[in-house]
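In the text below, chain A, chain B and the rest are named by the order of the sequence lines, each starting its count at 1. Keep in mind that what you see is a predicted model, and the values were worked out from it rather than measured.
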2 protein chains.
Amino acid sequence: MAGFVSHYTNRLDAKGRVSVPAPFRQALVRDGFEGLYCFPSPHHPAIDAGGNQLVAQIEKRLLGVATLTEDHDALSTAFYGASETLKIDGDGRVMLSEEQRHYACLDNQVTFVGQGYKFQIWEPERFKAHRADAMKRAMDVLAQQSAKAAGAA
Amino acid sequence: MAGFVSHYTNRLDAKGRVSVPAPFRQALVRDGFEGLYCFPSPHHPAIDAGGNQLVAQIEKRLLGVATLTEDHDALSTAFYGASETLKIDGDGRVMLSEEQRHYACLDNQVTFVGQGYKFQIWEPERFKAHRADAMKRAMDVLAQQSAKAAGAA
DNA sequence: TCGGATTCCATTGACGCCCATGAGGTCCCA
DNA sequence: TGGGACCTCATGGGCGTCAATGGAATCCGA
């Protein structure tokens, strides 16, 4: 494992720059990815970001859908078309585009949330609210898994 | 097995550091995990902590859910995003974050409670109160199991 | 030539690492 | 069997390093 773990909140400066948390940068280096692959999260007002592991998951998902279909078009547009590859400068910072800042409602602070093979970029307050929901949903999913396991046994 | 057993109470110093009980450290070494993996307990005002065994349980749960879905995002946010990997310094201490201290209401003493594959970090008084409840609940669970076994037999 | 973007540099504050101290327990030997 | 040396572990504090941040300087396209 040892992908993106934990969460960090950093400041977005006047130029739109923000430091990528050092542990995440190290994970990207281990991952062998130059820069930062990101696209708007399909489910939340947040940015999904990562490196080769993330790209690999996207490819895997696309393999499950026949090409030249409308579904495949939609997925590839969402994951490839809407994406951007940000450059990480010498000090470990990236410049978020106006579009990204708007989509995730980013103001002057941003929260990086590790999700293993990828991480998300949130506006801190929104994340706090979302976190409670995610917790609840996660517990539901686990309960369902347990129920299924018990039923199968 | 011989994972984390028994309980210990140590002091939290002005810097927010606390010594991990030596037996727990030894268990972590045997487990082969560098540092301490922890996240807020979903059920109690306490911190769940452990090493590879704990991480393995989490990964196992995540494997059952497709990536890039809302369910997977929720689970990984709950378990990866909310977690932190603390470094254990040369003297066997970890630094608890402000957030962790707040979540578990930690003041100047903390109690480590072994739970086999993981352990919990509690505020001593709260743990004392929780312990009675946990005992009662444990009795109920045991009774239910016995009833089920008797019914099945 | 102007504006935006990239690179470089300086500051500061948190964290990691080191050493010192002291309490408690164990082992060895008289 | 009692005393003492030794060891382990918890705890407190000091200091160096690195990451985050703000700003200046330079480069490039419009």
Expressed in angstrom and rounded to an integer, what is the separation of B:Met95 atom CE from D:dA19 atom C1'? 15 Å
Output the rounded distance in Å from CG (B:Asp89) to P (C:dC19). 13 Å
Look at the side chain of B:Arg17 against the base of C:dG16 and say whether a donor-acceptor pair falls under 3.5 Å; ignore hydrogens and angles. no
May I ask you to evaluate whether B:Gln26 reaches the phosphate of D:dC9, defined as a side-chain N or O under 4.0 Å from OP1 or OP2? yes
Can A:Gln109 and A:Thr9 be counted as having a side-chain donor-acceptor contact under 3.5 angstrom? no
Would the number of heavy atoms belonging to other residues, nucleotides or ligands and lying under 6.0 Å from CZ of A:Arg137 be above 12? yes
Spacing between A:Asn10 atom CG and C:dG13 atom P, to the nearest angstrom: 16 Å
To the nearest Å, give me how far apart CG (A:Asn108) and C1' (D:dA20) are. 15 Å
Any donor-acceptor pair, under 3.5 Å, between the side chain of A:Lys15 and the base of D:dT21, if you only look at N and O atoms? no
Just checking, any donor-acceptor pair under 3.5 angstrom between side chains of A:Glu84 and A:Ser97? yes
D:dG12 base to B:Arg93 side chain: any donor-acceptor pair below 3.5 Å? yes
Scan B:Glu98 against the nucleic acid and name what it touches under 4.0 Å (heavy atoms): base, sugar-phosphate only, or nothing. nothing
Please name the residue in the list B:Phe127, B:Phe112, B:Phe24 that meets the ring-ring contact (aromatic ring centres under 6.0 Å, His included) test with B:Tyr8. B:Phe24
With heavy atoms under 4.0 Å as the rule, sort A:Asp13 into base, sugar-phosphate or nothing. sugar-phosphate
Closest to the B:Arg11 side chain, choosing from D:dA10, D:dT11, D:dA19: D:dT11
Could you grab the distance from atom CZ of A:Phe39 to atom OG1 of A:Thr77, nearest 0.5 Å is fine? 13.0 Å
note: A:Lys87, atom NZ; C:dC8, atom P; distance rounded to Å ~ 11 Å
Assign A:Val20 to base, sugar-phosphate, or nothing according to its heavy-atom contacts below 4.0 angstrom with the strands shown. sugar-phosphate
What is the distance, rounded to the nearest whole Å, between atom CD1 of A:Ile88 and atom P of C:dA5? 18 Å
Whole-Å gap separating P (D:dA10) and CG (B:Leu12): 14 Å
Look at the side chain of B:Asp91 against the base of C:dC19 and say whether a donor-acceptor pair falls under 3.5 Å; ignore hydrogens and angles. yes
From OH of A:Tyr8 over to C1' of D:dC18, roughly how many Å is that when rounded to an integer? 14 Å
